[in-house]
Amino acid sequence: MNWKLGFKALTLGIALSATVYSMYLLNSQHSTDFFTSLGFTSSKSLTWCTDRLQRVEGMTTPWTLESKERQWILTLPQQSPVRVDPLAVEKWLARYCTVSIQPLSSEKILELKLTPSARLFFNDGQKALLYQKELLFFQINEVTFESHEFQEALRQLSQLLKVSF
């Protein structure tokens with residue numbers, strides 16, 4: 001009877017060790033390299049708003065969304081400033097501040113002709129430029145990527161503000 005108990009304990013110990021080691025591999029770069037070598041794409045995340053967003057300025061069509069005294073104000077050319085639902089803007093920021101991206105290879109970046117789309121200003125004084133091509137490829141500062149999630153984020157912000165990127 002004791003050898004059966006010992007065998008069960010040994011089997012469970014080996015299974016536990018294999019599970020812990022598998023979790024380590026899946027959370028490390030090794031798994032990304034392995035799955036990429038098999039043809040699967042690796043998705044990364046980008047946090048584009050490291051500090052609180054203060055202002056966004058559209059560049060293709062002029063508009064400004066600015067945070068003033070806990071309110072979000074949208075300014076369009078030759079129109080009075082309009083208050084935008086602050087809860088909707090804050091929910092949008094919370095949802096899309098970090099997005100899944102597919103970084104592009106340097107060869108692909110050279111082929112793209114990205115156009116400036118918006119300027120982003122943050123409370124800590126940092127600025128970022130958003131470039132895009134056909135709402136498919138994006139660049140924020142030095143990171144060029146493809147992201148369906150960021151595409152959806154801009155689509156929702158366009159609907160919320162009734163502006164275009």
Side-chain angles (χ1 to χ4, degrees), residues 1-57 65 67 70 72 84-161 165:
M1 276 289 193
N2 279 341
W3 68 272
K4 287 183 179 179
L5 185 60
F7 181 72
K8 285 180 181 179
L10 180 66
T11 304
L12 287 173
I14 291 172
L16 178 63
S17 299
T19 302
V20 169
Y21 186 67
S22 297
M23 289 172 55
Y24 163 75
L25 286 178
L26 287 173
N27 288 325
S28 69
Q29 185 64 29
H30 302 293
S31 66
T32 304
D33 295 340
F34 173 72
F35 288 122
T36 303
S37 70
L38 292 177
F40 296 103
T41 57
S42 61
S43 183
K44 300 192 182 291
S45 63
L46 170 71
T47 302
W48 59 270
C49 50
T50 54
D51 194 32
R52 181 151 175 76
L53 186 65
Q54 181 181 7
R55 186 172 78 238
V56 181
E57 294 176 356
L65 177 66
S67 175
R70 297 186 185 184
W72 286 95
V84 180
D85 179 14
L87 188 58
V89 175
E90 295 298 333
K91 281 183 178 180
W92 181 87
L93 283 169
R95 182 171 182 190
Y96 293 113
C97 189
T98 300
V99 292
S100 297
I101 65 168
Q102 194 67 27
L104 297 179
S105 66
S106 52
E107 296 86 27
K108 183 73 173 177
I109 293 170
L110 292 174
E111 295 173 11
L112 295 175
K113 290 186 174 32
L114 299 168
T115 56
S117 177
R119 286 187 196 100
L120 309 168
F121 299 87
F122 300 94
N123 278 349
D124 64 358
Q126 296 225 359
K127 300 174 189 170
L129 282 173
L130 169 65
Y131 294 87
Q132 69 178 22
K133 180 176 182 179
E134 302 164 2
L135 267 180
L136 295 173
F137 303 104
F138 306 97
Q139 182 179 39
I140 297 178
N141 292 340
E142 301 299 319
V143 180
T144 306
F145 59 94
E146 182 177 2
S147 174
H148 296 290
E149 188 176 7
F150 197 70
Q151 180 181 12
E152 177 63 18
L154 293 182
R155 188 189 67 74
Q156 285 188 14
L157 187 61
S158 291
Q159 286 180 343
L160 176 69
L161 303 178
F165 279 91

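Computed from a predicted model, the values in this text were never measured in an experiment.
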S.K.: To the nearest 0.5 Å, how far apart are CG in L129 and CD1 in I140?
M.R.: 10.0 Å
S.K.: Got a second to check how far E90's CD is from R70's CZ, nearest 0.5 Å?
M.R.: 10.5 Å
S.K.: Checking E146 now: which residues fulfil side-chain contact (heavy atoms from CB on, under 4.5 Å) with it, not counting sequence neighbours?
M.R.: Q102, L104, F137, H148
S.K.: Applying disulfide bond (SG atoms under 2.5 Å apart), which residue pairs with at least one partner in residues 102-159 are found, sequence neighbours left out?
M.R.: none
S.K.: Measuring from atom OH of Y96 to atom CG of L154, what distance do you get when rounded to the nearest 0.5 angstrom?
M.R.: 10.0 Å
S.K.: Could you state the interatomic distance from OH (Y131) to CG (L112), rounded to the nearest 0.5 Å?
M.R.: 13.5 Å
S.K.: Roughly how far, to the nearest 0.5 Å, is CG of D51 from CG of L120?
M.R.: 12.5 Å
S.K.: Who pairs with T115 by side chain to side chain donor-acceptor pair (under 3.5 Å), at least two apart in sequence or on another chain?
M.R.: none
S.K.: Determine which pairs satisfy salt bridge (Lys or Arg N to Asp or Glu O under 4.0 Å) with at least one residue from residues 117-133, sequence neighbours left out, and list them in order.
M.R.: E57-R119
S.K.: So which heavy atom on F122 is nearest to which on Q54, and how close?
M.R.: O-OE1, 3.6 Å
S.K.: Does anything in residues 92-157 form a disulfide bond (SG atoms under 2.5 Å apart)? List the pairs, not counting sequence neighbours.
M.R.: C49-C97
S.K.: With no hydrogens and no angle check, is any side-chain donor or acceptor of W72 less than 3.5 Å from a backbone partner on L65?
M.R.: no
S.K.: Would you say T144 and L114 make side-chain contact, with heavy atoms under 4.5 Å?
M.R.: yes
S.K.: If I take atom CG from residue L157 and atom CZ from residue F150, how far apart are they, to the nearest 0.5 angstrom?
M.R.: 9.0 Å
S.K.: For E152, give me all partners under salt bridge (charged side-chain N to carboxylate O under 4.0 Å, His left out), at least two apart in sequence or on another chain.
M.R.: R155
S.K.: Take L53 and V89 through the test side chain to side chain contact (heavy atoms under 4.5 Å, CB included) and record every step on the way to the result.
M.R.: CA-CA 11 Å; L53 186 65; V89 175; over 6 Å; no
S.K.: Using atom types as modelled and distance alone, determine if a side-chain donor or acceptor of E149 lies under 3.5 Å from a backbone N or O of S100.
M.R.: yes
